2 protein chains.
Amino acid sequence: MTLPTSTRQWVLSRHPTGLPILDGPEATFSLQTVDLPPVGDGQLLVRTRYLSNDPAQRGWIGYVKAERMYMPPVKIGAHMSGVGIAEVVESKAAGYEKGKLVMGLAIGWREYAVVDAKDLSLIPEVEGIKPTQYLGALGFTGMTAWYGLKEIAEAKPEHVLVVSGAAGATGSMVVQIAKKLIGCKKVIGIAGGDSKCAWVKSIGADECLNYKSPTFRKDLKAATPGYVDVYFDNVGGEILDMMLPRMQQGGVVAVCGAIAAYNSTEGLHLKNWFEVISMRLQLKGFILPDFLAAGKAKETVMELATAAKQGKLAIGDENETVVDTKFEDVPKTWLKLFEGGNTGKLVTKL
Amino acid sequence: MTLPTSTRQWVLSRHPTGLPILDGPEATFSLQTVDLPPVGDGQLLVRTRYLSNDPAQRGWIGYVKAERMYMPPVKIGAHMSGVGIAEVVESKAAGYEKGKLVMGLAIGWREYAVVDAKDLSLIPEVEGIKPTQYLGALGFTGMTAWYGLKEIAEAKPEHVLVVSGAAGATGSMVVQIAKKLIGCKKVIGIAGGDSKCAWVKSIGADECLNYKSPTFRKDLKAATPGYVDVYFDNVGGEILDMMLPRMQQGGVVAVCGAIAAYNSTEGLHLKNWFEVISMRLQLKGFILPDFLAAGKAKETVMELATAAKQGKLAIGDENETVVDTKFEDVPKTWLKLFEGGNTGKLVTKL
């Protein structure tokens with residue numbers, strides 16, 4: 001096989017203000033072909049096989065105050081950032097032989113890339129665990145759920161816990177870790193649709209409420225008669241507002257995501273803000289990179305993998321939605337995140 | 001002197017939805033005359049001399065879900081609750097002689113009252129400290145500032161601190177305790193008006209910003225080039241939203257009050273909510289009664305009083321606004337709180 005000398009890549013054309021736009025003169029991204037540089041010492045030429053789709057990516061392209069970002073924002077004209085899994089095609093780095101699978105944020109929305117090996121990690125070859133699990137359950141989303149529950153919310157067996165976006169990549173791991181590993185007294189998921197809710201219950205939630213139901217507000221009240229100790233918030237928006245009056249005195253809101261706000265310019269409207277004072281609530285924002293920087297990631301992945309092998313976490317086909325995608329449709333598949341169509345981790349397969 | 005057998009009192013007529021209404025068929029309060037019960041053993045007949053005016057009182061009359069209140073809400077037809085200072089007129093309780101001054105929440109908006117002595121505390125007679133200081137600087141507002149800074153925000157000398165409502169009863173104590181007792185690197189007040197700001201600086205703030213100024217947003221940015229470690233929030237509303245992008249990574253918002261929301265049905269609109277996640281902010285609601293229940297109040301008042309005697313806290317005429325008020329005008333004086341006219345503690349003198 002001849003090695004490629006160029007690659008297609010998706011670059012950021014303009015910062016979106018609302019939902020990113022796929023086509024036309026206002027398109028957020030554009031498809032380019034660029035030459036590949038030669039592979040230097042310590043570098044790899046890789047071919048992208050899978051891309052992780054994450055709501056956080058919306059934050060990387062919409063915000064321009066770089067000093068306030070937890071990672072450098074994507075610049076206009078640069079390729080779109082994203083965690084991916086790629087196969088080594090040519091290697092000038094020891095330990096990264098041709099054919100090995102590697103993963104990392106350095107891959108991005110590119111068909112091929114020349115990358116420093118130190119910016120990638122090898123996918124462990126463990127029987128019964130698919131590589132794509134390292135993008136979700138055993139990767140960033142699993143760890144986000146883990147640290148959010150253990151370190152931020154300090155969830156305990158005696159707690160009643162509610163998690164929104166419960167059918168999503170992070171939320172579905174929150175449900176499982178809270179119920180099966182921590183053993184929370186009651187775990188209530190919130191998801192958009194009855195079939196998603198059925199799935200959330202199948203992975204361990206005691207109850208799941210469909211926020212699209214006209215009776216949702218009443219259902220939420222009925223499901224939380226003794227109030228809620230921990231709310232793991234993946235969505236922000238009106239659901240956060242509805243949760244405030246359902247919180248227990250001294251309750252904690254682990255603020256993980258605000259998918260309701262990513263594509264909106266309207267912000268968050270909290271009618272029930274006063275509950276924060278009267279019920280002494282704590283709202284705590286957090287992001288995964290702080291915990292990764294603390295150097296405990298390997299240990300955490302090991303704990304998750306061990307739990308999975310012991311059958312305490314369901315991680316198989318059921319906790320990911322893998323979408324076969326042509327490279328031309330990478331942004332389109334990513335946008336499915338905001339349509340709420342997936343259960344578990346949304347993975348692009350190239 | 002003949003002892004009174006009846007008293008005038010202000011009772012709650014209806015729960016207000018917005019700003020309480022003084023007159024007409026929709027009036028929030030009404031003035032009644034009721035008979036006084038006989039003074040039993042362990043009881044006192046007292047005459048109210050001063051009333052404390054507190055934004056929190058708005059919460060006690062607007063909210064009807066008693067189980068979610070940190071104290072029983074005021075019922076329709078009951079006299080309005082409020083902390084007051086009264087003089088003992090007749091005593092059947094040892095240690096509470098006629099002429100002594102007592103204070104407590106049991107007094108409320110009544111000219112005279114028959115009260116259990118155990119529900120009141122004697123005002124300490126200390127040279128150079130006026131009784132009304134025990135309603136403010138050495139009372140609930142001083143303690144609110146103290147615990148909010150020490151226990152909730154954990155303010156430290158290396159911190160840059162912003163406090164809203166800085167000319168108010170709690171805010172002005174926050175300025176003084178943060179600057180003079182904790183020694184925060186920089187203390188920035190926010191207040192409504194240039195003369196209020198001049199006063200806030202006179203009691204110790206490094207800077208004070210007038211939120212009514214057309215350049216406020218720019219001024220806030222200019223005053224916080226290195227961002228803010230602690231925001232002591234007495235007001236909620238748009239100022240809270242503007243503060244979020246000014247917070248330091250890992251910064252704490254001590255959520256003490258939401259005066260902007262008390263008389264509004266619109267709630268809080270946070271355009272910058274995403275900062276809570278990206279900057280890992282902590283928003284922590286708190287109320288004074290939790291700390292009073294912990295039994296440390298006497299010790300705290302002593303620390304504040306000692307600081308005052310040593311000249312480290314300015315507590316004199318300058319940190320209270322005492323309004324001579326006819327009993328018929330008690331609600332009217334209280335409503336001045338929401339007009340923002342006072343500097344320091346707003347006290348009603350009967």
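Source: prediction; values computed, not measured. Labels below follow one simple rule: chain letters A, B, ... track the order of the sequence lines, proteins then strands, and each chain is numbered from 1.
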Residue I287(A) versus chain B: region with a heavy atom under 4.5 Å: both

Would you say that more than 12 heavy atoms from the other residues, nucleotides or ligands in this model lie under 6.0 Å from the [atom1] of [X], or not?
X       : atom1 : answer
K150(A) : NZ    : yes
K186(B) : NZ    : yes
K156(B) : NZ    : yes

Enter the distance from H269(B):NE2 to L270(A):CG here, rounded to the nearest 0.5 Å. 9.0 Å

In Å and rounded to the nearest 0.5 Å, what is the CD to CG distance from Q282(A) to L283(B)?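 Between Q282(A) CD and L283(B) CG, I get 10.0 Å after rounding to 0.5 Å.
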
Heavy-atom pairs under 4.5 Å with chain A - which of I152(B), D241(B), V276(B), V253(B) has more of them than the others? V276(B)

Where is the tightest heavy-atom contact between I277(B) and F286(A), given as atom of each residue plus distance? CG2-O, 3.6 Å

